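Some notes on the structure that comes next.
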Amino acid sequence: SPGHNAQSTFLMCEPFRSLGYIGGSVLVRLLDHPRAETFDITVYLRSAEKAEVLQERFGVKAVVGSHQEQDKITPLAEKANIVFQLVSLH
């Protein structure tokens with residue numbers, strides 16, 4: 001099909017508990033997907049250390065910032081086909 005090789009862009013936002021149980025589960029499912037090689041995954045999180053681990057270990061793009069930095073979040077969300085907002089505000 002014409003769109004079969006199209007790249008899907010995902011943005012996962014989880015700046016508080018950088019890829020805790022739910023975020024980690026979502027990331028694993030995306031990486032295990034049969035077409036994962038066509039995915040461009042960006043994770044937006046607070047920890048520079050965890051961002052480095054995600055990039056090195058899982059090959060995903062990681063952007064460091066807080067939920068208050070709309071100037072960072074907005075352009076990332078606009079480029080994404082799918083946004084997972086996994087932030088717990090409790």
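Quantities reported herein were computed from a predicted structural model and do not represent experimental measurements. Side chains are part of it too, since the values below use all heavy atoms of this structure and drop only hydrogens, waters and symmetry mates.
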(request) Determine which pairs satisfy salt bridge (Lys or Arg N to Asp or Glu O under 4.0 Å) with at least one residue from residues 58-81, sequence neighbours left out, and list them in order. (result)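 Only Glu69-Lys72 qualify under salt bridge (Lys or Arg N to Asp or Glu O under 4.0 Å).
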
(message) Tell me every residue that passes side chain to side chain contact (heavy atoms under 4.5 Å, CB included) with Ala48, counting only those two or more places apart in sequence or in another chain.
(response)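 Applying side chain to side chain contact (heavy atoms under 4.5 Å, CB included) to Ala48 gives Val64.
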
(request) State which residues pass side chain to side chain contact (heavy atoms under 4.5 Å, CB included) with Leu31; sequence neighbours excluded, sorted by chain then number. (result)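 Testing Leu31 for side chain to side chain contact (heavy atoms under 4.5 Å, CB included), a comparison that skips the adjacent residues, returns Leu27, Ile41, Phe58, Val60.
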
(request) Treating Ile, Leu, Val, Met, Phe, Trp and Tyr as nodes and any side-chain heavy-atom pair under 4.5 angstrom as an edge, say whether Leu54 and Ile82 lie in one connected cluster. (result)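 Cluster IDs for Leu54 and Ile82 match.
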
(message) Please find the pair of heavy atoms, one from Ala62 and one from Leu45, that lie closest to each other, and give the distance.
(response)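 Looks like CB-CD2, 4.0 Å.
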
Supply the atom-to-atom distance [X] [atom1] to [Y] [atom2], rounded to the nearest 0.5 angstrom.
{"X": "Thr9", "Y": "Phe39", "atom1": "OG1", "atom2": "CZ", "value": "10.0 Å"}
{"X": "His67", "Y": "Gln85", "atom1": "NE2", "atom2": "CD", "value": "10.0 Å"}
{"X": "Ser66", "Y": "Ile73", "atom1": "OG", "atom2": "CD1", "value": "7.0 Å"}
{"X": "Tyr44", "Y": "Leu76", "atom1": "OH", "atom2": "CG", "value": "7.5 Å"}
{"X": "Arg29", "Y": "His33", "atom1": "CZ", "atom2": "NE2", "value": "9.0 Å"}

(request) For side-chain contact (heavy atoms from CB on, under 4.5 Å), just list the numbers for Val63 and Thr42, CA-CA rounded to whole Å, side-chain angles, deciding distance to a tenth of an Å, and then say yes or no. (result) CA-CA 7 Å; Val63 178; Thr42 300; 3.9 Å; yes

(message) Looking at Gly65, is its backbone amide N or carbonyl O close enough to the side chain of Gln68 to form a donor-acceptor pair, meaning the two atoms are under 3.5 Å apart?
(response)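 No.
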
(message) Is it true that, when you exclude Glu37 itself, more than 12 heavy atoms of the residues, nucleotides or ligands shown sit nearer than 6.0 Å to its CD?
(response)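 Buried by this count: over 12 neighbours within 6.0 Å.
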
